Participant: 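Structure incoming, see below.
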Amino acid sequence: MMVPYTDSTADMVPVAEMVDKELEPGDLGRGLAADGFSAVLAGFMNSFPDTAFAENVGLVGLTGVRSRWVVAACGGMLVALGLVPKVGSVVAALPGPVVGGAATVMFAMVTAVGLRVLHKVQFEGTSNMLIIAVTLSVALLPAVAPNIYTKFPTDFQMIAGSPITSAVIVVFVLNLVFNHWGAGRRRAPETAHSAEPAPRT
């Protein structure tokens, strides 16, 4: 469940950015609770836990559709696809290049939204650039070198072998070390305007 919770959190943050809504802790908690309830239902139905998926974040940015009713209608259509094989075969008949082209744009949209979120991070006078660099390096290791953790214990491979989970753990720990614990915390330099005395009227 660490992977779905991490993925869903990373999906809810950019969606809130797209719809100009401030994501409160209660909103995030309700979203994760829905994920947990969905996982319980999946267990009863002999299926896998699911998550929001980044593709849907790309769809929100690509289409501009923000209505919950549209999401509910799409959920009903997915149920129909699962219960009526003939309907599912129509979707499966879509050409691979068409699906691949749409998926490429959607994932690129997710990346663009992530860059927009990072644009709000304070980099000057902090260790945030180092945190992002180390996190990206650790997250890309399983993709670049899939066999890098083969000699490690199985439990470690389950966590470190997931780019999402390993990235969250690394960024969480490094953020504590550099930005919250006194030994590694650095204050951002004051701007020139704040250092200058206020002009007299």
Side-chain angles (χ1 to χ4, degrees), residues 1-32 35 49-62 64 103-153 155-195:
M1 290 305 298
M2 289 179 61
V3 175
Y5 280 163
T6 304
D7 194 2
S8 294
T9 302
D11 293 337
M12 285 185 274
V13 171
V15 168
E17 292 278 339
M18 291 178 180
V19 300
D20 301 323
K21 174 180 172 57
E22 184 177 354
L23 187 64
E24 300 290 341
D27 300 329
L28 188 60
R30 285 188 291 272
L32 296 181
D35 257 4
D50 51 25
T51 183
F53 284 103
E55 297 95 321
N56 297 309
V57 180
L59 279 176
V60 174
L62 188 63
T104 301
V105 176
M106 287 190 295
F107 281 113
M109 183 68 68
V110 175
T111 305
V113 174
L115 292 175
R116 187 176 70 175
V117 174
L118 287 178
H119 181 69
K120 300 180 180 180
V121 177
Q122 174 67 39
F123 290 108
E124 297 297 330
T126 67
S127 300
N128 289 331
M129 186 69 73
L130 175 63
I131 294 174
I132 293 174
V134 175
T135 302
L136 288 176
S137 301
V138 174
L140 290 174
L141 277 177
V144 177
N147 299 324
I148 190 171
Y149 297 123
T150 53
K151 301 298 182 180
F152 286 82
D155 293 338
F156 181 84
Q157 293 183 41
M158 291 180 61
I159 297 176
S162 169
I164 297 175
T165 306
S166 58
V168 168
I169 293 176
V170 170
V171 75
F172 184 81
V173 173
L174 292 182
N175 187 50
L176 285 178
V177 172
F178 287 104
N179 292 333
H180 292 280
W181 293 348
R185 182 170 53 194
R186 292 187 297 171
R187 294 183 59 187
E190 294 182 355
T191 61
H193 295 289
S194 60

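Because the structure is predicted, anything quoted here is derived from the model rather than measured.
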Participant: Looking only at atom types and distance, does a side-chain atom of S166 sit under 3.5 Å from a main-chain N or O of P163, one as donor and one as acceptor?
Facilitator: yes
Participant: Quick check: do M12 and D27 have side-chain heavy atoms less than 4.5 Å from each other?
Facilitator: no
Participant: Would you name the heavy atoms of N179 and S127 that are closest together and state the gap between them?
Facilitator: OD1-N, 4.4 Å
Participant: Would you call the rings of F152 and F156 parallel, tilted or perpendicular if under 30° counts as parallel and over 60° as perpendicular?
Facilitator: parallel
Participant: Not counting sequence neighbours, which residues clear side chain to side chain contact (heavy atoms under 4.5 Å, CB included) with V60? List them please.
Facilitator: M18
Participant: side-chain contact (heavy atoms from CB on, under 4.5 Å) between D155 and I159: does it pass, once the steps are laid out?
Facilitator: CA-CA 7 Å; D155 293 338; I159 297 176; over 6 Å; no
Participant: With T135, which residues qualify under side chain to side chain donor-acceptor pair (under 3.5 Å), at least two apart?
Facilitator: none
Participant: What's the spacing between I148 CD1 and Q157 CD if we round to 0.5 Å?
Facilitator: 11.5 Å
Participant: Give me the atom names and distance for the closest heavy-atom approach of Q122 to N128.
Facilitator: O-ND2, 2.6 Å
Participant: List the atom of Y149, the atom of P142, and the distance in Å for their closest heavy-atom pair.
Facilitator: CE1-CG, 4.2 Å
Participant: So, for Y5 and D35, which heavy atoms are closest and what is the spacing to 0.1 Å?
Facilitator: CE2-CB, 3.8 Å
Participant: For L174 and I131, work out which heavy atoms get closest and say how close.
Facilitator: O-CD1, 3.8 Å
Participant: Does atom CD of E24 have more than 12 heavy-atom neighbours, drawn from other residues, nucleotides or ligands, at distances under 6.0 Å?
Facilitator: yes
